[in-house]
Amino acid sequence: MSDKGDRRQQAGLLEKPRPKTKRPPLYKVLMLNDDYTPMDFVVMVLQRYFNKDQEEATRIMLAVHYHGVGVCGVYPHEIAETKVNQVMSLAKAHGHPLQCVMEKE
């Protein structure tokens, strides 16, 4: 023990061990391609629920269109789950088969 620790112990002070905090696991929110949901609807969803600007939303929409899947964002579990539910609810309300899922990063 160092002199500093000895002095604290002699003075009656106990050092509390600092708990090791662990970051929560993160989840990717993925949008899946289909042949029916309009591209402008996908862009609007990305802007509304994922706070993407027009350019970024268009880039993600094109990734979904050409590669079958696009990453909308990475979030803690509860936030990712909420975003997936929001997208799925809006798509259903508009009659679109758009699929959004989450996957552990």
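Counting only residues at least two apart or on different chains, the salt bridge (charged side-chain N to carboxylate O under 4.0 Å, His left out) pairs with a member in residues 40-63 are E56-R59.
Ion pair K28/E105 not flagged as a salt bridge, since none of the NZ, NE, NH1 or NH2 atoms sits closer than 4.0 Å to an Asp/Glu carboxylate oxygen.
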Legend entry - Intermediate values then yes/no, side-chain contact (heavy atoms from CB on, under 4.5 Å), V74 and V29: CA-CA 6 Å; V74 180; V29 176; over 6 Å; no

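In terms of heavy-atom proximity, V64 sits nearest to L32 at CG1-C, 3.8 Å. The shortest non-hydrogen separation linking F41 to A91 is CZ-CA, 3.9 Å. The minimum heavy-atom distance between M88 and L98, with the atom names listed, is SD-O, 3.5 Å.
L26 places none of its side-chain heavy atoms less than 4.5 Å from the side chain of Y75. Here the side chains of Q47 and N51 are not in contact, with every heavy-atom distance at 4.5 Å or above.
In this structure, a donor-acceptor pair under 3.5 Å is absent between the side chains of N85 and T82.
The hydrophobic clustering, which links ILVMFWY residues whose side-chain heavy atoms are closer than 4.5 Å, places V42 and L62 together.
Once rounded to the nearest 0.5 Å, the distance linking NE2 of H65 with CD1 of I60 reads 15.5 Å. Interatomic distance, C100 SG to Y49 OH, rounded to the nearest 0.5 Å: 11.0 Å. Distance check: Q99 CD to L30 CG gives 12.0 Å after rounding to the nearest 0.5 Å. Rounded to the nearest 0.5 angstrom, H96 NE2 and D34 CG are separated by 9.0 Å. Rounding to the nearest 0.5 angstrom, the gap separating the CG atom in N33 from the CE atom in M61 is 10.5 Å.
Here the rule is side chain to side chain contact (heavy atoms under 4.5 Å, CB included) with M31, and of V101, L46, V71, V69 only L46 fits it.
The aromatic rings of Y27 and H77 sit perpendicular to each other, their planes meeting at more than 60°, with 30° as the lower class boundary.
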